[in-house]
Each structure stands twice: as C-alpha cells, then as structure tokens.
**Q** 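The structure follows.
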Amino acid sequence: MKIIRDARWQLLVSAALLFAFAWLFVWMNSLIKIGLWSTFLDMLPNFVHKLMPVPAKELLSPTGRISLVFVHIVPMILFVGWALVRGSEMISGEIESGRFEVLLTLPLPRPVWVIIPGIVTFLGAMMLAAVLWAGLWAGCHRIHLAEPVDTTRFHLAALNLAMMAFALAGMTSAISACSSSRGKTLALATVIFLAAVIVKLVARLWTAGEWLKYLSFMTLFEPQILIFTQEGSRISLQYNLALGIIGLVGHLIAAAILTRRDIPVPR
C-alpha cells in the first residue's frame, strides 16, 4: 500500500494532464487546414524529412497529424517523468529519506522492494497509455474532423510509449540500486535518456552511422511507424518485447544489487 500511496498523486495528475492534452490536441488539429500543413512540410529542409519516421504525406491526413501526439514533448515529459521518478525513488530515494532502514527490518526478502515497485511502475505506464488513448478516442468522437479517424490504429503506438517508459524505469532502478542519492540517480538516468535520443537521431541523419541505432534503446520507440506500417503488429511485438526485456532486466539487476549491498545510514 505504501508504494501505491507514494505513486498515486503523480499517476493521477499525469493521467488528468494526458487526457486533457489528447483531447486538446485533437481539437487543435481540427482547426488546421491541410493546405497549411502541406505548405509547412514543403518548407522544411531535407534533413528534417530524414528525421521523420514515416513519409511526410502520411502526416497530412487527420490520422497522421493526430499521431504526432505520441512524440509530442508534453506526453513525452509525463511518461519519462513517470519512469525517472518511480525508478529513482525505488532505492536511492528511500535510502536518502532514511525510510529504508525501517523498511528492511520487515520480514520480507529485499528483492520485494524492487519487484513490487516495478510492477506498480509497469501498470502505471500502461494506465497512462490507456488514458492518452482514451483522450484521443473522446476527442475524435466528439470533435468534427475533416474525415473520420480510426482510433484503433493508435493502440500499438500507445503501448509502445508505455513500454519505452518501462524500459527507462528499469535502467533508472538499476542506477538507483547503485546510489544513495536520488538527485544523482535522476541526473545520470536523464543523461542516459538524452544520449539515447541523440544517438537515434544521429543514426537516422548520418547514413554511414546507421549502425549507431543499435546502441540506443530509443530506436525501439517508433509509435508512428506502428500506426502506418502494414506490419504494425509484427513490428510492435518485436519492439515492445525488446523494451519490456530491457525494463525487466533493469529491475532484476536492481534487485540483485539491493540483495548484496549495505544500506548506508543517512546523515
């Protein structure tokens, strides 16, 4: 119950913001005329087109414009924030606050303090993805658009966003298990995330450096490809399974480290 209580406000606030933003995003797109979008895309330099995971013409449709919500900075901040906050609080946050001294006196195996928060983090990410999709569904059904939008096409994209957050949470929890400072955990995990994003972008822009994409877990985050490709289900299985494995391995590493490490007394 403590773990759920610690996470509930972040989950509730993030869910409310995601639902409202998704609805607002649909409404804003209903006000934009395709001609303006076409002119804007034509003005973009070639390197910007190379950064796009799908052809620019796909983005001209209502479905394409709404698909941008999955890579928009607002949902990204909320999902990444969920992963970083939950992963950093798991061990280093508890050590820094002094609560772990009391928690570890309970007759429970140490890995429990990683496994249960990890499950809460995973379920929370899935709930946030469901809320984001629900906001899009509500917006698309209540707001008049140029043409009907099939919101079922967004299922795999929402799942991809949730699994990306879980993968980042797993890496953050592994860092958290090695540190006694939540601030340092957050800083290092943030640097790793930003580095992964940059490596992905460089691999997409630099033809000779395409192999760099294998060094970034963010290469597995491609929600728009999952919306528009004919093989969305197969690619989704590969990408989301890989992200899930990264998140699971990160939590298992955190559990193994916590089992063996000494817990310092906070000053």
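For clarity, every value in this text was computed on a predicted model and none was experimentally measured.
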**Q** Decide yes or no on side chain to side chain contact (heavy atoms under 4.5 Å, CB included) for Phe25 and Val74, but give the supporting numbers first.
**A** CA-CA 11 Å; Phe25 195 83; Val74 173; over 6 Å; no
**Q** For a quick test of your reading: what N or O donor-acceptor pairs under 3.5 Å do the side chains of residues 75-92 make, sequence neighbours left out?
**A**
from  : atom 1 : to     : atom 2 : distance (Å)
Trp82 : NE1    : Thr121 : O      : 3.0
Arg86 : NH1    : Gln10  : OE1    : 2.6
Arg86 : NH2    : Glu89  : OE1    : 2.3
Ser88 : OG     : Leu84  : O      : 2.8
Ser88 : OG     : Val85  : O      : 3.2
Ser88 : OG     : Arg182 : NE     : 3.1
Ser92 : OG     : Ser88  : O      : 2.9
Ser92 : OG     : Ser176 : OG     : 3.0
Ser92 : OG     : Thr185 : OG1    : 3.0

**Q** Roughly how far, to the nearest 0.5 Å, is the CD1 atom of Ile225 from the OG atom of Ser67?
**A** 11.0 Å
**Q** Determine whether Leu136 and Phe70 make a side-chain contact, defined as any pair of heavy atoms from C-beta on separated by less than 4.5 Å.
**A** yes
**Q** Provide the closest heavy-atom pair for Ala158 versus Ala129 in the form atom of the first, atom of the second, distance.
**A** O-CB, 3.3 Å
**Q** Please list all pairs passing the salt bridge (Lys or Arg N to Asp or Glu O under 4.0 Å) test where one or both residues lie in residues 240-252, with sequence neighbours left out.
**A** none
**Q** Do Leu128 and Phe19 pass the side chain to side chain contact (heavy atoms under 4.5 Å, CB included) test, and can you show the C-alpha distance, the side-chain angles, and the key distance before you say yes or no?
**A** CA-CA 9 Å; Leu128 292 178; Phe19 186 88; over 6 Å; no
**Q** Might you point out which heavy atoms bring Arg65 and Asn29 nearest each other, and give the distance in Å?
**A** CB-OD1, 3.0 Å
**Q** Over all heavy atoms of both residues, which pair between Ser216 and Val197 is shortest? Give the atoms and the distance, please.
**A** OG-N, 4.4 Å
**Q** Could you give the distance from CD1 (Ile192) to CZ (Phe217), rounded to the nearest 0.5 Å?
**A** 8.5 Å
**Q** Tell me, do Trp137 and Phe154 make a side-chain contact under 4.5 Å, heavy atoms counted?
**A** no
**Q** What's the shortest heavy-atom distance between Arg8 and Arg5, and which atoms?
**A** CG-O, 3.2 Å
**Q** Take Met218 and Val199 through the test side chain to side chain contact (heavy atoms under 4.5 Å, CB included) and record every step on the way to the result.
**A** CA-CA 9 Å; Met218 287 298 291; Val199 169; over 6 Å; no
**Q** Using a cut-off of 6.0 Å, state whether more than 12 heavy atoms not belonging to Leu12 lie near its atom CG.
**A** yes
**Q** Is it the case that one hydrophobic cluster holds both Phe228 and Leu237, taking links as side-chain heavy atoms less than 4.5 Å apart, direct or via other members?
**A** no
**Q** Quick one: CG on Leu212 to CH2 on Trp206, what's the gap to the nearest 0.5 Å?
**A** 6.0 Å
**Q** Counting C-beta onward and ignoring hydrogens, is there a side-chain heavy-atom pair between Ile198 and Val202 closer than 4.5 Å?
**A** yes
**Q** Look only at the side chain of Ser236 and the backbone of Ser233, and say whether a donor-acceptor pair between them is shorter than 3.5 Å.
**A** no
**Q** Are Thr152 and His155 close enough, and set up right, to give a side chain to side chain contact (heavy atoms under 4.5 Å, CB included), and what steps lead you there?
**A** CA-CA 6 Å; Thr152 60; His155 286 158; 4.0 Å; yes
**Q** Could you see if Val69 belongs to whatever hydrophobic cluster contains Met28? Use Ile, Leu, Val, Met, Phe, Trp, Tyr and a side-chain cutoff under 4.5 Å.
**A** yes
**Q** Sequence neighbours left out, what passes side chain to side chain contact (heavy atoms under 4.5 Å, CB included) with Leu194? Give chain and number order.
**A** Thr190
**Q** In the structure I gave you, are the side-chain heavy atoms of Phe21 and His72 within less than 4.5 Å of one another anywhere?
**A** yes
**Q** Does Ile73 share a hydrophobic cluster with Leu201, counting links as ILVMFWY side-chain heavy atoms below 4.5 Å and allowing steps through other members?
**A** yes
**Q** How many angstroms lie between CG in Leu226 and CZ in Arg234, if you round to the nearest 0.5 Å?
**A** 11.0 Å
**Q** Of the non-hydrogen atoms in Met126 and Leu159, which two are nearest, and what is the gap between them?
**A** CE-CD1, 3.5 Å
**Q** For Pro223 and Asn160, work out which heavy atoms get closest and say how close.
**A** N-OD1, 3.4 Å
**Q** Do NZ/NE/NH1/NH2 and the carboxylate oxygens of Glu96 and Lys184 come within less than 4.0 Å?
**A** no
**Q** Kindly indicate whether the side chain of Leu220, heavy atoms from C-beta on, has any atom under 4.5 Å from the side chain of Met164.
**A** no
**Q** Starting at CG of Leu123, measure out to CZ of Phe166 and round the result to the nearest 0.5 Å.
**A** 9.5 Å
**Q** Pairs under 3.5 angstrom only: tabulate donor-acceptor contacts from the side chains of residues 168-175 to other protein residues two or more places apart or in another chain.
**A**
from   : atom 1 : to     : atom 2 : distance (Å)
Thr172 : OG1    : Leu168 : O      : 2.8
Ser173 : OG     : Ala169 : O      : 3.4
Ser173 : OG     : Gly170 : O      : 2.7

**Q** Taking only residues two or more places apart in sequence or in another chain, which ones pass salt bridge (Lys or Arg N to Asp or Glu O under 4.0 Å) with Lys213?
**A** Glu210
**Q** Taking the side chain as everything from C-beta on, heavy atoms only, tell me whether Gln224 gets closer than 4.5 Å to Leu68.
**A** yes
**Q** Without swapping roles, check the side chain of Asn240 against the backbone of Met163 for a donor-acceptor pair under 3.5 Å.
**A** no
**Q** Indicate if Val120 and Val112 have the same hydrophobic cluster label, given that clusters are the connected sets of ILVMFWY residues with side-chain heavy-atom separations under 4.5 angstrom.
**A** yes
**Q** Let me have the donor-acceptor pairs involving side chains of residues 243-257, under 3.5 Å, with sequence neighbours excluded, atom names and distances please.
**A**
from   : atom 1 : to     : atom 2 : distance (Å)
His251 : ND1    : Gly247 : O      : 2.7

**Q** What distance do Trp9 atom CH2 and Ser14 atom OG have between them, rounded to the nearest 0.5 Å?
**A** 12.5 Å
**Q** Compute the ring centroids of Tyr239 and Phe221, then answer whether they are less than 6.0 Å apart.
**A** no
